[in-house]
Amino acid sequence: LFMQLKRILFGVVICILYTGLCIAQVEPVLPNTTTIETCFPDTAGYTHITVGPGKDYTDLQLAINDAQPGSVLVLDAGVVFYGGFILPDKGESENWIILMSSRMDILPEQTLRINQKMNTGDLDLPTQAHAMPKIITNNVSGIPCIKTQAKAHHYRLVGIEITAAESVLNSYGLINLGDGTSAQNTLEKVPHHLIMDRCYIHGHSEGDIMKFGVRLDCAIAAIIDCYISDFHSIGFDAQAISGINGPGPFKIINNFLEGAGENILFGGAAPAIQGLVPSDIEILNNYFYKPWSWRVGHPEYAGKHWTIKNLFELKTGRRVLVEGNVMENCWADIPVGQSGYAILLTIRTEGGASPQADVSDITIRNNIIRHAGAGISLSGSDGGAGIQSARIKISNNLFDDINGPAYGDLNIDGPNDGTFLKIGEPMDVWIDHNTIFQSGPITWAYDVTNGFIFTNNLVQSFISTGGYQGIYGPGQMQGNATFASYFPDVTDANQHFHHNVLIGGNSAKYSNFNNLSKNYFPNGISEVGFTDFNGGAADYHGYILSATSPYASSSEGLDPGVDFIALDSALYNFQRECAEIPTSIEQKDSKETVYLLYPNPTTSTFSIRSSGISSGPVQIKVMTIDGRILFSNIVTLNQEINIPSIPNGLYLVSLIDRDESKLVRLLLHQ
C-alpha cells in the first residue's frame, strides 16, 4: 500500500518541461488478485466420495448436501447427471469441496486448457469429452446447471462438462456463481472462493437463447483452462462470461471463450449491492473467438442470425488487466447488434440506477486483436453522467485487419468505419508501442480528452473511403487542428505525440509536432521495412521491422510498434507454477514415462526424449491450441522430427505410447 501511495504521489507532481506546464499522468493501478489461489489444493486427508451408478451416491445433489469441507466428490466419467444443482453454504471452514471427473488422469494437467475433441489414448474414453462427467439441465424453464446459495464458498469444479439439453430452447445461464437479483443485496451474502477448472461449458444451436456460460456475481473466483462455447441468442446479448453483482477479485485465465454478444462483459445492469463496481480483474491468455458460421452472408453461415456485438466490454470495472489474449473476429450486425468494435470501454450508469459505474485503471497490453470492423470505443462517461474514466493504458498490442469495408457497418461517413480509437472524454489515456493496421482514421474524437499520450506507435494513416485520415475529430482537419480542439494539452514540448510512424500520413498536418517531438510519415508499406508484411497475416512475426528498416534500432530505444519479444512472452511463456498434486484418486505407476521435447523452443526440428523405459514407437500429433491437427506421424525416441511450414507460435504435442497419452507444449520461434 505504501508503494502504491508513493507512486500516486510522484504521479501528481507538477512539473515544468521546457516552455510548457504539464501534470504527469498517473499509471493505471494493476489488479490485486492475491487472495485467489488457482492451483489445485493439497487434498491429503480429504474424504473421497464416489458419485455415479453403484457408487457411494447416485444422487449428485444429495452427495453435495452431505459433503463436508475437505471432501472430493469423484463423479464417474461419462455419466450424465440431469438437473439443476445448488452449492450450499457449509459454514466457516476454509477447506474445499471439490467436484471432479474420475478420469483426471487422462484429462489435461493443471495449467493446460481442456479440449473436448482431443484424443486421450484411452479406447473406452477416446476424447476428453468422453472422460468428463456431464451435468445437463433439462428444465425447459431455463434453470441453470449450477447455482450457489448465499454465502457459499470454497467449491472447485474440475474436468466436468456442463450444458443444456437440446430440448431446452431458452437457457438464461448455465452457471450462476452468486446471485444477480435483489436477494443478494449486501456484500455479506456474496459467495466466494469459487473455481471453474478445466471444464467444458457449452450451449447448443437448437434454441433461440443461450444467455451465458458463467456469471461472476461473486468474490474471489477464477475461471481457468476451460472451453466455453456456443453462447448466442436471437435479439438478446449473450456472453461466455459476464458479471454484474460481484465485487471481485476475479481471474479469467487460459480459456477458449465464444459468445455472440460479448465474449466477456462486466456490467449491463445495475447491481443489487449498492455502490458495487467489479474490481481487481485479471483476464490473461484467453482465446476470444466468434465463428464465421454466425455471420450472415458468410460462406460458412449456419443459418441462425445471432445478435453480434463485440469481443470484450466493460460498462463498469476498476483495476482490470487484459494481457496475453488473442481476440478474433468481430463484425457489424446492424440494426440488432452493434458496429463491429472489438473492445468497448463504455461507462453505463443504467439510467441512473448505477451512478457509481466506473471504467478506470484499465491496462490492455500484449494482446493480438484481429479481423474486426473497428478497434476500441472509449466513452469516458455516460453522456456526461457517472464517474469520468481515468488511467487507461493500451500498450504493445497488435491490431491486425481492423477493416471497415470487410467487417464494419458500411457507413463510410460515420465513426465506425475501420477506426482504431473512438474516444470521448476520459482522462489520462496512453496509447504506446502498438502496431495498428486499420482502414479508417487513427482516432475519431468526439469530446475533449485531457492527458492523452500517443507514442511509439506504428499505424496506418491512409485516407478512408469516407475521406477521414490520421488523428481526427469531427469538425476539424486531421493533425494540428484536431489536437488543438480535442487533445489540447498535447504539445511539441511534452512529447505526448512522439516517435510514431504514420504510414501514408500527411506530415504537413502535424507541423506543430516536429521540433522536440519526432514523428515519421512513410508514403506506403514498402517504405517501412517489415520483415515479411505480406506473410504477417499468417505469422504475425512478419510485422517485425527488419534490420534495414529506417525506423529500426533508433536512438529512441525500442523500435516503434510492438515489442514482439514481450508479446511472445505474454502469449506463450506465461507460467502458473503449481505443485504436482494429483487431481485423481487413480494410483499412478511410479515408473510412468515422462517425455521431453528437445530443443524447446525450436525453429522447426525437435526430438523426443524419455525418462522411462519406453523405447517407442510413439505416435505424435502436433496441434494448434484449439485442437486442429497440423502434423501426425509414428516416430521413435531421439529421432529428429522436422515439421516445416508451420508458423511460429505455441502448439500442443500429443504423445501416445501404448496405453499412455501425454500432452506437451511446443514453442516454434525463429
Side-chain angles (χ1 to χ4, degrees), residues 31 33 36 38 113-114 144-148 156-157 160 162-164 171-180 191 194-203 209-233 236-269 271 278-290 306-317 320-328 330 342-345 362 364 367:
T33 61
I36 305 172
T38 59
R113 183 186 303 163
I114 207 80
C145 294
I146 301 289
K147 65 178 181 179
T148 50
R156 186 182 190 110
L157 279 67
I160 300 173
I162 300 171
T163 189
S171 168
Y172 300 98
L174 291 184
I175 302 171
N176 285 14
L177 302 181
D179 192 331
L194 304 167
I195 309 288
M196 303 300 304
D197 177 3
R198 287 167 282 171
C199 290
Y200 173 36
I201 304 162
H202 64 99
I209 300 174
M210 292 287 139
K211 186 74 174 81
F212 59 78
V214 185
R215 183 73 169 267
L216 292 171
D217 292 328
C218 55
I220 314 177
I223 304 172
I224 54 174
D225 307 319
C226 292
Y227 196 104
I228 307 178
S229 63
D230 257 326
F231 290 97
H232 37 55
S233 296
F236 298 90
D237 285 19
Q239 304 90 26
I241 298 172
S242 62
I244 294 173
N245 200 33
F250 303 123
K251 287 179 178 282
I252 301 172
I253 303 177
N254 193 37
N255 304 284
F256 178 91
L257 302 172
E258 192 177 80
E262 302 86 5
N263 297 52
I264 294 180
L265 168 68
F266 283 94
S279 301
D280 296 304
I281 303 169
E282 289 184 342
I283 300 171
L284 311 176
N285 293 93
N286 302 282
Y287 184 25
F288 295 64
Y289 185 73
K290 296 187 196 298
W306 311 118
T307 297
I308 304 297
K309 291 197 171 179
N310 53 73
L311 291 164
F312 173 62
E313 181 170 3
L314 292 176
K315 296 178 186 289
T316 184
V320 181
L321 172 63
V322 181
E323 182 167 24
N325 304 280
V326 175
M327 301 184 181
E328 188 166 88
C330 189
I343 298 173
L344 271 68
L345 307 177
I362 312 300
I364 299 175
N367 303 282

Original post:
Among Gln239, Glu313, Glu258, Lys290, whose side-chain hydrogen bond (donor to acceptor under 3.5 Å, both in side chains) with Asn263 holds?
Top reply: Lys290

Original post:
Any sub-3.5 Å donor-acceptor pair from Lys211's side-chain atoms to Ser171's backbone N or O?
Top reply: no

Original post:
Cut-off 3.5 Å, side chains only: do Asn255 and Asn286 have a donor facing an acceptor?
Top reply: yes

Original post:
Can any side-chain N or O of Thr307 pair as donor or acceptor with the backbone N or O of Asp237 at less than 3.5 Å?
Top reply: no

Original post:
For the atom pair CD1 (Ile220) and CD1 (Ile36), what is the distance rounded to the nearest 0.5 Å?
Top reply: 7.0 Å

Original post:
How are the rings of His232 and Trp306 set relative to one another: parallel (under 30°), tilted (30 to 60°) or perpendicular (over 60°)?
Top reply: parallel

Subject >> Sole residue of Asn310, Ile362, Ile364 in side chain to side chain contact (heavy atoms under 4.5 Å, CB included) with Ile343 >> reply: Ile364

Original post:
Arg113 and side-chain hydrogen bond (donor to acceptor under 3.5 Å, both in side chains): which partner among Asn254, Asp225, Asn285?
Top reply: Asn254

**OP:** Give the minimum heavy-atom separation between Gly178 and Thr148, together with the two atoms involved.
**Re:** N-OG1, 2.7 Å

Original post:
So among Ile223, Asn325, Ile241, Leu311, which one has a side chain to side chain contact (heavy atoms under 4.5 Å, CB included) with Leu257?
Top reply: Ile241

Original post:
How long is the span from the CD1 atom in Ile283 to the CG atom in Leu314, to the nearest 0.5 Å?
Top reply: 6.5 Å

Original post:
Under a 4.5 Å cut-off applied to non-hydrogen side-chain atoms, are Met196 and Ile228 in contact?
Top reply: no

Original post:
How far does OG1 of Thr33 sit from CD of Glu282, to the nearest 0.5 angstrom?
Top reply: 3.5 Å

Original post:
Between SG of Cys218 and CG of Leu194, what distance do you get to the nearest 0.5 Å?
Top reply: 5.0 Å

**OP:** Please state whether the rings of His202 and Tyr200 are parallel, tilted or perpendicular, taking 30° and 60° as the class boundaries.
**Re:** parallel

Original post:
Does Phe266 have any ring-ring contact (aromatic ring centres under 6.0 Å, His included) partners at least two apart in sequence or in another chain, and if so, which?
Top reply: Phe250

Original post:
Taking atom CE of Met210 and atom CG of Asp230, what is their separation to the nearest 0.5 Å?
Top reply: 8.5 Å

Original post:
How far does CG of Leu177 sit from CD1 of Ile146, to the nearest 0.5 angstrom?
Top reply: 9.0 Å

**OP:** Begin from the C-alpha positions of Leu157 and Ile162 and carry the test side chain to side chain contact (heavy atoms under 4.5 Å, CB included) through to its verdict.
**Re:** CA-CA 10 Å; Leu157 279 67; Ile162 300 171; 4.2 Å; yes

Original post:
Among Leu174, Leu265, Asn176, which one satisfies side chain to side chain contact (heavy atoms under 4.5 Å, CB included) with Phe212?
Top reply: Asn176

Original post:
By side-chain contact (heavy atoms from CB on, under 4.5 Å), which residues pair with Asp217, not counting sequence neighbours?
Top reply: Gln184, Arg215, Ile244, Asn245

**OP:** Find out whether Ile252 and Leu216 are in side-chain contact, i.e. whether some heavy atom of one side chain is under 4.5 Å from a heavy atom of the other.
**Re:** yes

Original post:
Ring centroid separation for Tyr227 and Phe256, is it under 6.0 angstrom?
Top reply: yes

